[in-house]
Amino acid sequence: MEIKITFPDGEGKTYKAGITPREIAEGIGPRLAREALAAQIDGRFIDLDTPITEDATIQLLTFDSLKGRDIFRHSSSHIMAQAVLRLFPGAQLAIGPAIEDGFYYDIDFPKPISPEDLPRIEEEMEKIVKENLNFKREELSREEAIQLFEKQGNKYKVELVRELPEGDKISIYKQGEFFDLCRGPHIPSTKYLKAFKLTGLAGAYWRGDERREMLTRIYGASFTDAKELKKHLTLIEEAKKRDHRKLGKELDLFSFHQEGPGFPFFHPKGTILFQELIEFCRKELAKRGYMEIKTPIILNEELWHRSGHWDHYRENMYFTKIDERDYAVKPMNCPGGLLIYKSRIHSYREFPLKVAEFGLVHRHEKSGVLHGLFRVRNFTQDDAHVFCLPEQLEEEIQKLVELILDFYKVFGFEDILIEISTRPESSIGSDEMWEKATSALKHTLEKMKIDFKLNPGAGAFYGPKIDFHIRDCLKRTWQCATIQVDFSMPERFDLNYIGRDGLEHRPVMIHRAIFGSLERFLGILIEHYAGNFPLWLAPVQAAILPIGENHAQWANEIKATLDEAGLRTEIDLAQEKINRKIRNAEIMKIPYMLIIGDREVETRTASIRRHGSGDMGNKSIPEIISFMKKEIEEKKISS
RNA sequence: GCUGGUGUAGCUCAAUGGUAGAGCAGCCGCCUUGUAAGCGGCUGGUUAUGGGUUCGAUUCCCUUCACCAGCUCCA
């Protein structure tokens, strides 16, 4: 019998039924035959040696495709698991998926292993690769599978099999003496694994549940080509150099101390960055009709009962006593802002009423989650609350989305992940309110043709939200901006406005932050720019470097003039060679260096050097001020 | 919070069951300097913390704290 196989380009060809993807690849060319890892048949993924029995469209998957990589890395994790079982016979395998750039396997070891064991596992993997073992698929019934894994003494696999749908065929993959529960497909043989490295060891809960067993997770990276692996590892090394915790120390921006874990200390230079961000934000908000308020950090506990925080957020709050009464340190700014709203009567004519606050909030985070400026216990939100009429809601959401994207463009962020988070278990308000709020968010993004991911159950306790996530240097993503629609707080606080009809009505409230947390955003910026801040943000914008003592006077004059012009400068009067001074300024990533020697004193100029690019020749002081100011004005992003 | 790891001078890192050393930084001198490290000297540490083992602990063991990786949780 013959079957028709259609290729991705639309071309078709007839083959004998039972032909395998491998044979098809061989027919096309030696290179494809060599590189093909698995195949996609009518949307289903199969092994290279699975016979095809009916008409189908085929796509041969190589490492160049996303799915091909996934399969390759998933197979890598099987090979690692095999190595682990050879070396640690009592180990129980849990799950081992592919991830970006690599794979991991969660394993329950009889005795804990240490990073020193990784090279041994790698060696064993090398052996398995050399053994050139074929991945073989076998199908069995649920009962057989359960028996098999019970016999092996693997409670995790037994649990997984039990949860697979009744009646489904269960597949396992074997290579050599090793077998594992797996949907597949896999690469044909272990020899395909040309380049890999085990990159890390960490704990991970079984099924991601902190109440369950803690397993050992081994991370690895794998590629078809040693050069690619090397490139990947180098990239990670490079990325680590821009870690904001490292740069924060090197550039003298901020520090952390045992005396206050998770509470950042901003040094003078870090404070400049912080203030510049606020300044930028204030100017932009002023253009858009925002007002700014300031509310207290500590407020009576009763307020937090009223807001719902006591019931839904207490775990994250700090409490204190004043004059025998109970108070709480604010974890959010909204309740305080609502007291201001309620301090007078409001008219619909004021709407949308936009009230911003750079509010310092404190949240009790579990000790293990603290992470530089990305995850702290006190941070400053660029918060705002927009009070509006229900019919204004979507328009206001849209304006906020635009505002956020505009802001991010200024900093050069392109790769932003957007999520909508829906009602969590612990929450307040009626289903109807949640439904209305969530659909307003969804509808707005859809209208704007913005892609988003759904994150069910991850909303704030008072309302659903759109979150904007930005990646750090190691590709971990961090939530920054947020837009949250809230029908509940206005009700709880009995907020009113007088409508056109002269009667009291309930406003809708949007909570939003653009940076999210100034601390986190600053951390992201440090990594994004690798410490080479655009001129407008740079803590020191120009270093003035006199060559010798004779040049100090002109250098000081220049400094005074630049300072007067509002530029941030430093002067290096040390008894040092000019090369040393330049090196120091380069290391501190100061955008401009003004070198002052005999020539400059004589011509009343400075020799300009741009950080990272070099000598720009001589310029007069007014010229320097004017081009620097222009660069600041434009918020130019340094290349 | 959990699992594992780490903690030595301001920073980066050595060393040892017999009470610690380098480079950089800092300070003091010399050099008088032209686009990424001039030279010499000096200072600096109850080896995170508390306890235990030992004749002796910075080293071995335990506690606490902090940090790192990941998990869980979240801006």
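Since the model is a prediction, treat every value here as computed from it, not as a measurement. Note on naming: letters A, B, ... go to the chains in the order of the sequence lines (proteins, then strands), and numbering restarts at 1 for each one.
If you take CG of A/L573 and C1' of B/U33, they are 14 Å apart, rounded to a whole angstrom. We find that CG of A/D108 is positioned 13 Å from P of B/U3, with the value rounded to whole Å. The CD-C1' distance, from A/E259 to B/A48, rounds to 11 Å in whole Å. Between the C1' atom of B/G4 and the CD1 atom of A/I113 lies a distance of 10 Å, rounded to the nearest Å. Taking atom CG on A/L118 and atom C1' on B/G4, their separation rounds to 11 Å, with Å as the unit. Spacing between atom CD of A/E600 and atom C1' of B/G34 amounts to 8 Å, rounded to whole angstrom units. Across the protein-nucleic acid pair, A/E250 atom CD and B/A25 atom P stand 15 Å apart, rounded to whole Å.
Only the P atoms considered, B/G41 is 11 Å distant from B/C24, to the nearest whole Å. With P as the reference atom, B/C73 and B/C13 are 33 Å apart, rounded to whole Å. Here the separation of B/A9 from B/C42, taken at their C1' atoms, is 15 Å to the nearest Å. Rounded to whole Å, the separation between the P atoms of B/C2 and B/C27 comes to 44 Å. Atom C1' of B/G29 sits at a distance of 27 Å from the matching atom of B/U12, rounded to the whole Å. Taking the P atoms as reference points, B/A48 lies 14 Å from B/C61, given to the whole Å.
A/W478 pairs in a ring-ring contact (aromatic ring centres under 6.0 Å, His included) with only one of the listed residues (A/H469, A/H528, A/H244, A/H371), which is A/H371.
With sequence neighbours excluded, the residues forming a side chain to side chain contact (heavy atoms under 4.5 Å, CB included) with A/A328 are A/W304, A/M317, A/F319, listed by chain and number. Partners of A/S114 according to the side-chain hydrogen bond (donor to acceptor under 3.5 Å, both in side chains) rule, which considers only residues two or more places apart in sequence or in another chain, are A/E116. Considering only residues two or more places apart in sequence or on other chains, A/D615 meets the side chain to side chain contact (heavy atoms under 4.5 Å, CB included) condition with A/S607. Partners of A/K475 according to the side chain to side chain contact (heavy atoms under 4.5 Å, CB included) rule, which considers only residues two or more places apart in sequence or in another chain, are A/E100, A/D101, A/R471. Not counting sequence neighbours, the partners of A/T295 by the side chain to side chain contact (heavy atoms under 4.5 Å, CB included) test are A/I293, A/K330, A/I340, A/E357.
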Reading nucleotides 65-75 of chain B from the 5' end, what letters show protein touch, with B for base, S for backbone sugar-phosphate only, - for no heavy atom under 4.0 Å? SSSSSBBBBBB
Protein proximity profile, nucleotides 36-41 of chain B - base contact B, sugar-phosphate-only contact S, no contact -, cut-off 4.0 Å on heavy atoms: BBB---
Please tabulate, for the side chains in residues 90-98 of chain A, all donor-acceptor contacts under 3.5 angstrom to protein atoms that are two or more places apart in sequence or on a different chain.
{"unit_1": "A/Q92", "atom_1": "OE1", "unit_2": "A/K155", "atom_2": "N", "d": "2.9"}

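Within the structure, every pair that satisfies the salt bridge (Lys or Arg N to Asp or Glu O under 4.0 Å) test and touches residues 570-581 of chain A, not counting sequence neighbours, is listed here: A/K269-A/E570. Listed by first and then second residue, the salt bridge (Lys or Arg N to Asp or Glu O under 4.0 Å) pairs that reach into residues 104-115 of chain A are A/D106-A/R217, sequence neighbours excluded. Listed by first then second residue, pairs satisfying salt bridge (Lys or Arg N to Asp or Glu O under 4.0 Å) with a partner in residues 584-599 of chain A read A/E586-A/R609, not counting sequence neighbours.
Residue-environment remark: CD (A/E315) stays at or below the threshold of 12 foreign heavy atoms within 6.0 Å.
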For RNA chain B, the dot-bracket pattern of Watson-Crick and G-U pairs whose distances stay under 3.5 Å, | for other-strand partners: (((((((..((((....[..)))).(((((.......))))).....(.(((..]....))).))))))))....
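The side-chain tip of A/R363 does not point at the ring of A/F379 from less than 6.0 angstrom away and within 45° of straight on.
In terms of polar N and O atoms assigned as donor or acceptor, the side chain of A/E315 never comes within less than 3.5 Å of the base of B/G1 in a complementary pairing.
Using a 4.0 Å heavy-atom cutoff across all strands shown, A/K581 reaches no nucleic acid atom at all. At the heavy-atom level, A/E116 lies nowhere under 4.0 Å from the strands shown.
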